[in-house]
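Just the heavy atoms: all of them, side chains too, but no hydrogens, waters or symmetry mates, feed the values below.
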Amino acid sequence: MSGSISDLAKNRALAEWLEYSLCQTRNRIRELEIQEQQEQRRRERARAEQSWKIQPKRTGDTAMQRDDGWDDNASAGLT
């Protein structure tokens with residue numbers, strides 16, 4: 001072995017590099033999963049905020065906040 005790197009040393013170096021690369025990739029995956037979860041929560045929060053509205057005040061009634069899914073006609077038996 002006149003100055004050359006042994007096959008064992010090459011494979012050890014390769015394994016070390018692969019372990020490092022795998023660790024870096026797993027860390028990046030974790031970061032992306034966290035970003036994806038945060039984005040999903042942001043979208044859900046925005047959707048929930050849009051589904052609520054302030055109902056106009058009616059004569060003798062107090063204004064109330066309720067979900068858009070409420071159907072005034074159905075609640076009054078008009079559907």
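Rounding to the nearest 0.5 Å places CG of Asn27 at 9.5 Å from CG of Leu22. Residue Thr25 holds its OG1 atom at 10.0 Å from CG of Leu18, rounded to the nearest 0.5 Å. For the atom pair Gln37 CD and Arg41 CZ, the distance stands at 6.0 Å (nearest 0.5 Å).
For the residue pair Tyr20 / Gln24, a side-chain donor-acceptor distance below 3.5 Å is found, with atom types taken as modelled. A side-chain donor-acceptor contact under 3.5 Å links Arg43 and Gln40.
Under the 3.5 Å distance criterion, the side-chain polar atoms of Ser21 are left unmatched by any main-chain donor or acceptor of Trp17.
Counting heavy atoms of neighbouring residues, nucleotides and ligands inside a 6.0 Å radius, atom CD of Glu36 does not exceed 12 of them. The environment of Gln35 atom CD is dense: over 12 non-hydrogen atoms of other residues, nucleotides or ligands sit within 6.0 angstrom.
Electrostatic pairing of Glu33 and Arg30 does not count as a salt bridge here, judged by no charged N lying under 4.0 Å from a carboxylate O. Using a 4.0 Å cut-off between a side-chain N of Lys or Arg and a carboxylate O of Asp or Glu, Arg47 and Glu44 do not qualify as a salt bridge.
Counting heavy atoms from C-beta outward, Arg45 and Glu49 have side chains that approach closer than 4.5 Å.
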